[in-house]
Amino acid sequence: QVTGSSGLTKISDPVCRVIFSLETRDPDTSTASPPTFLLPPASKMSALTLVQRLSCSLTKPAMAFGPSAARGGFVRPLATTSFRDPERPKKNSTAWLLYLSDYRKTAPKDLKGKEVMSEAASKWKTLANSEKQPYESKAAEEKKKYEAAMKEYTDSGKKEAWKRDPAKPVRPLSGFMRYAQEARNSPDVKDLKMTEQTKVVGEKWRALTPTQKKPYEEAAHKEAEAYKEALQKYKDSGKEEAWLSKTGRKALSDSTAAQKAKAKAQKAVEKAKKALKKATANRKAADNKMKAAVKAAEQQEKVALKNLEKAKSTEVKDATEKAKEAAKKALTKATEALKKSKTKLTAANTKFQAKLDDAIKKEVSANKLLVEATKEEDKAHVALAKAKAEVKKHKDV
């Protein structure tokens, strides 16, 4: 059972494992009228399936799941944005607002907005009933006109048509919901509280055999197939896009998509920059290492050459030959070490150059995506502005 007010909802039945925050407050009334749903046991279906099978049409649904929901925690509705129907009657002003409007005309010009409100509120509290009477009478008269216009607007079906396209197919009931409709009217259930009804009906549904559930599930499946076909025809006909454009929802959706694309492109740019920075740092470290190895090899070669020169100047022939041989070996060894170091350095340079080029390409590609996303965002903003202008134009007409 979904209960609560002021936009807060709570589910305390342990059978339920999902919490719904459904804001159904009518902006033209002072009270909220939250709907009541008979939810199937969570053990039989996932939260997403449960949401998809709810047989309801709401303008601003917001749903939240998690461990806190299972413990009966409170959830605040998610923020939503929608356009106002230009044909919907405007809410009447209260006596206080009528007085505030008059006070603004005579208020000192040096007062700011908040100060004007504060001064007006103070004066309003001190007004005698006879002084408030003209405003209260006018407010009461406006309220009657508004209520009459609102009733006519609601009865005409325009209110519901703005919230939900009348041409859009209605989602059919699930097998459980079909069974629940019948079970709630049974003598042992109908007199129970809604929370108890939910628990009892859920237990009964779990106790049914597959054969007993089959009629409900087959009927639900049949209607679901017909619903999918009808929904696809509805979308292909262009009616959905026309309704979304008419109510301004399409422009809002396009704007949101453009912002997401831009954010994604910016993220790709940052990632490419990090990769480039890392590749540059790695190459620098490798260069330093190779330079140190080359320097060491060159030093060894110098030492070997000195030893060779020393061996040449030795007077004893045998000693000279041995020294020459040792010096030659040392020179050969040093030369080979130098050659290997240079080879490694060349290979490392080639490898890190390839990584660096790849990182630069990724950054260029990400920047292109960012430019395209920015253009799309600008287009979406233009479309949104046009949609608002069309709504305003329609309102003025």
K112 vs E115, side-chain contact (heavy atoms from CB on, under 4.5 Å): CA-CA, chis, key distance, verdict: CA-CA 5 Å; K112 296 181 180 179; E115 294 173 344; 4.0 Å; yes
Any side-chain heavy-atom pair from R164 and V170 closer than 4.5 angstrom? yes
Which atom names give the shortest non-hydrogen contact between F176 and G202, and what distance separates them? CE1-CA, 4.4 Å
How close do L100 and A120 get, counting heavy atoms only, and between which atoms? CD1-CB, 3.6 Å
Please tell me if the side chains of W96 and W124 come closer than 4.5 Å, counting only heavy atoms from C-beta onward. yes
Using side-chain contact (heavy atoms from CB on, under 4.5 Å), reason through L231 and K168 one step at a time and then give a plain yes or no. CA-CA 7 Å; L231 184 62; K168 185 175 182 179; 4.0 Å; yes
Do L369 and K264 have side-chain heavy atoms sitting under 4.5 Å apart? no
Using atom types as modelled and distance alone, determine if a side-chain donor or acceptor of S101 lies under 3.5 Å from a backbone N or O of L98. no
Would a single hydrophobic cluster contain both L127 and V116, if residues Ile, Leu, Val, Met, Phe, Trp and Tyr are joined by side-chain heavy-atom contacts under 4.5 Å? yes
Check whether L345 and L356 end up in the same hydrophobic cluster, where Ile, Leu, Val, Met, Phe, Trp and Tyr are linked by side-chain heavy atoms less than 4.5 Å apart. no
List the steps, then state whether salt bridge (charged side-chain N to carboxylate O under 4.0 Å, His left out) holds for K233 with E240. CA-CA 10 Å; K233 288 182 179 179; E240 181 180 40; over 6 Å; no
Please report the closest heavy-atom contact between T94 and A139, naming both atoms and the distance. C-CB, 3.9 Å
Smallest heavy-atom separation, P215 atom then Q212 atom, equals CD-O, 3.3 Å
Does a side-chain heavy-atom distance below 4.5 Å link Y153 with R88? yes
Spatial distance of atom NZ (K262) from atom OG1 (T374) [nearest 0.5 Å]: 4.5 Å
Quick check: does any side chain N or O of T280 sit under 3.5 Å from a backbone N or O of L276, one acting as donor and the other as acceptor? yes
Just wondering, are more than 12 heavy atoms of other shown residues or ligands nearer than 6.0 Å to CD in E131? yes
Hey, is the main chain of P134 close enough, under 3.5 Å, to the side chain of S137 for a donor-acceptor pair? no
Let's go through Q133 and N129 carefully: what are the C-alpha distance in whole Å and the side-chain angles of both, what is the deciding distance for side-chain hydrogen bond (donor to acceptor under 3.5 Å, both in side chains) to 0.1 Å, and is it a yes or a no? CA-CA 6 Å; Q133 182 60 37; N129 291 336; over 6 Å; no
Supply the atom-to-atom distance E325 CD to L308 CG, rounded to the nearest 0.5 angstrom. 10.5 Å
Between V189 and R184, the two heavy atoms sitting closest are CG1-CA, 3.8 Å
Around N288, counting heavy atoms of other residues, nucleotides and ligands shown, do more than 12 lie under 6.0 Å from its CG? yes
Min side-chain heavy-atom separation Y135-D102 under 4.5 Å: yes
Pair E141, K145 - check salt bridge (charged side-chain N to carboxylate O under 4.0 Å, His left out), show working. CA-CA 6 Å; E141 184 179 349; K145 291 181 180 179; 3.8 Å; yes
Ring-plane angle category for W205 and Y179, please: parallel below 30°, perpendicular beyond 60°, tilted otherwise. tilted
Do D165 and L244 have side chains that get closer than 4.5 Å, going by heavy atoms? no
S118 side-chain N/O to K114 backbone N/O, donor-acceptor pair under 3.5 Å: no
Which atom pairs, one a donor and one an acceptor, fall under 3.5 Å between side chains of residues 334-341 and the rest of the protein, sequence neighbours left out?
from	atom 1	to	atom 2	distance (Å)
T335	OG1	L331	O	2.7
S341	OG	A337	O	2.9

Decide yes or no on salt bridge (charged side-chain N to carboxylate O under 4.0 Å, His left out) for K362 and D358, but give the supporting numbers first. CA-CA 6 Å; K362 287 183 178 179; D358 183 59; 3.7 Å; yes
Is any side-chain heavy atom of K228 closer than 4.5 Å to a side-chain heavy atom of Q232? no
Start with the C-alpha distance between K213 and E218, add both sets of side-chain angles, then the distance that settles side-chain contact (heavy atoms from CB on, under 4.5 Å), and finish with yes or no. CA-CA 9 Å; K213 292 181 180 179; E218 284 184 345; over 6 Å; no
The reported gap from CE in M117 to OG in S122 (rounded to nearest 0.5 angstrom) is 11.0 Å
I'd like to know whether NZ of K204 has more than 12 heavy-atom contacts from other residues, nucleotides or ligands below 6.0 angstrom. yes
Atom pair CG/NE2 of D378 and H381 - distance to nearest 0.5 Å: 7.0 Å
Return yes if some donor-acceptor pair links the side-chain N/O of E217 with the main-chain N/O of K214 below 3.5 Å, else return no. no
For F352, does the six-membered ring have the charged nitrogen or CZ of K355 within the cation-pi criterion, i.e. under 6.0 angstrom from the centroid and within 45° of the normal? yes
Do you reckon L111 sits in the same ILVMFWY cluster as Y99, going by side-chain contacts under 4.5 Å, direct or chained? yes
Among the clusters formed by ILVMFWY side chains lying less than 4.5 Å apart, do V269 and V364 turn up in the same one? no
So does K123 get a backbone contact from the side chain of T126, meaning a donor-acceptor N/O pair under 3.5 Å? yes
Residue pair Y216 / E182, side-chain heavy-atom distance below 4.5 Å: yes
Once rounded to the nearest 0.5 Å, what's the spacing between atom CG of N349 and atom NZ of K342? 13.5 Å
Minimum heavy-atom distance between S93 and L97, given as atom pair plus value: CB-CB, 4.2 Å
Taking E152 for its side chain and A149 for its backbone only, find out whether a donor-acceptor pair lies under 3.5 Å. no
K273 backbone acceptor or donor facing E363 side chain under 3.5 Å: no
Distance, nearest 0.5 Å, that separates CD of Q197 from OG1 of T195: 8.5 Å
